[in-house]
Amino acid sequence: KHLPVALAPDSLGYIFSGGSVVDTANTSGFGPRSTPPVVAAFTHHDPEGEKAGRNDFQNQSIAYSLDRGRSWTKYEGNPVLDKIADSNRDPQVFWHEPTKKWIMVLYVRRGQAHFFKSADMKTWTPTSVVALEGFHECPDMFKLPVDGDRKNYKWVIYDGPFHYWIGDFDGERFQPQTEALRCEFGRNFHAAQSWETPDHRRVQIGWMNGGAYPGMPFNQQMTFPCELTLRTTPDGVRLFMYPIESIQSLYIKSF
């Protein structure tokens, strides 16, 4: 069902890319444990500030929902992270259980990912910068078991075009153990988002930017949701993607 606009432009600017999390423990204080708030982190982009040549035309902000994303309230203290440098956008936030902190991965400039930590998603402290050759916009990051072994995890970070790197993360620093790798080679796959299911699968859906097909009555579309796994290959550990079972069953039934 097509719902109304969730986050409309305001005095701080347009709403650019980001991600959202369920704050189960209500670390943000936005809602009771009985109704865990959904918190969205996004980039505020001020077009007038950009035209005027101001350095602070892009900052990071948050909003929260207490009704499963149907309506949103922007945090009165926005922005929660002022401009760092250059592009400075597309925040991705996740909970790091060992350190009991929220982690933000932020695209700042091509070839760099910046990391921040927070106890409540309102106040952010910079922790590190990692150089990743060719890294460009819309980051996502998570850990996965290698070959399904829950005692052997590796971290994955990927960018908008779906270059990905495998390595270790201690809550402050990501140490890449591979060069940039590819997992999707189509022309129209970009800026994917992923989430963890209740049974601990990592599911991803991408934006098919620029897709145009005969008789298509809409502008662009989303991909089939796919499960992501790490598997050992003769070339080392690699990321695999496969349509989730429910999509596969629908495909099989159609024939």
Side-chain angles (χ1 to χ4, degrees), residues 1-47 58-83 88-107 114-127 137-143 171 191-207 221-223 225 227-228 244 246:
K1 183 178 179 181
H2 192 169
L3 300 178
V5 171
L7 293 169
D10 54 37
S11 61
L12 293 177
Y14 297 154
I15 311 299
F16 274 20
S17 295
S20 60
V21 295
V22 179
D23 184 11
T24 306
N26 191 31
T27 62
S28 62
F30 289 142
R33 280 178 178 257
S34 59
T35 309
V38 181
V39 181
F42 57 90
T43 298
H44 255 129
H45 174 91
D46 179 7
Q58 285 191 163
N59 302 286
Q60 316 316 313
S61 295
I62 58 174
Y64 65 93
S65 172
L66 300 179
D67 57 5
R68 297 168 52 243
R70 272 54 178 175
S71 62
W72 293 83
T73 302
K74 291 171 184 154
Y75 175 49
E76 61 183 10
N78 282 337
V80 295
L81 187 61
D82 292 330
K83 183 176 175 68
N88 189 78
R89 54 182 165 80
D90 311 331
Q92 189 62 246
V93 173
F94 62 90
W95 177 254
H96 187 251
E97 181 62 26
T99 59
K100 306 295 183 184
K101 291 290 189 295
W102 294 103
I103 308 299
M104 178 190 291
V105 188
L106 187 69
Y107 171 69
H114 287 230
F115 290 87
F116 306 81
K117 65 180 179 181
S118 174
D120 58 8
M121 288 184 277
K122 300 172 183 175
T123 302
W124 293 92
T125 302
T127 59
E137 71 181 15
C138 301
D140 194 5
M141 186 173 175
F142 46 83
K143 67 176 184 177
Q193 294 273 318
S194 74
W195 63 95
E196 187 178 33
T197 66
D199 58 354
H200 305 296
R201 292 178 298 144
R202 176 61 54 169
V203 176
Q204 179 197 63
I205 190 167
W207 164 41
Q221 64 191 54
M222 306 305 290
T223 65
E227 181 178 354
L228 301 179
I244 61 174
S246 52

To check you understand the geometry: which heavy-atom pair defines the closest contact between [X] and [Y], and what is its length?
X	Y	result
A63	L7	CB-CD2, 3.8 Å
D67	R70	OD1-N, 3.1 Å
L106	L81	CD2-CD2, 4.1 Å
F116	P126	CD2-CA, 3.5 Å
Y107	C138	CB-N, 4.5 Å
S28	V39	OG-CG2, 4.1 Å

inquiry  = Using the side-chain contact (heavy atoms from CB on, under 4.5 Å) definition, which of the options Q58, H44, H45 pairs with Y14?
reply    =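 Going through the options one by one, the only one that passes is H45.
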task = State which residue, out of Y64, F30, W95, W102, fulfils the side-chain contact (heavy atoms from CB on, under 4.5 Å) condition with D23.
result =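 That would be W102.
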K143 charged N/C atom sitting above F94 aromatic ring, 6.0 Å / 45° =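 No; the conditions do not both hold, so K143 does not lie above the ring face of F94.
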Check whether any side-chain N or O of [X] sits under 3.5 Å from a backbone N or O of [Y] as a donor-acceptor pair, and report yes or no.
X	Y	result
Q92	A41	no
T127	F115	yes
S65	S71	yes
D140	S194	yes
K122	I62	no
N26	G31	yes
D120	T27	no

Say you draw a straight line from [atom1] of [X] to [atom2] of [Y]; how long is it, rounded to the nearest 0.5 Å?
X	Y	atom1	atom2	result
M141	I103	CE	CD1	8.5 Å
Q60	K83	CD	NZ	9.0 Å
I15	D10	CD1	CG	5.0 Å
F16	S61	CZ	OG	12.5 Å
K74	S11	NZ	OG	8.5 Å
L12	T43	CG	OG1	12.0 Å

Set of salt bridge (charged side-chain N to carboxylate O under 4.0 Å, His left out) partners for E137, sequence neighbours left out =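 Result, salt bridge (charged side-chain N to carboxylate O under 4.0 Å, His left out) vs E137: R89.
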Charged N-O contact under 4.0 Å between D199 and R201 =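 R201 and D199: salt-bridged.
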inquiry  = Checking W124 against V93 for the side chain to side chain contact (heavy atoms under 4.5 Å, CB included) test, could you report, in this order, the C-alpha distance in whole Å, the side-chain angles of both residues, the deciding distance, and whether it holds?
reply    = CA-CA 11 Å; W124 293 92; V93 173; 4.1 Å; yes
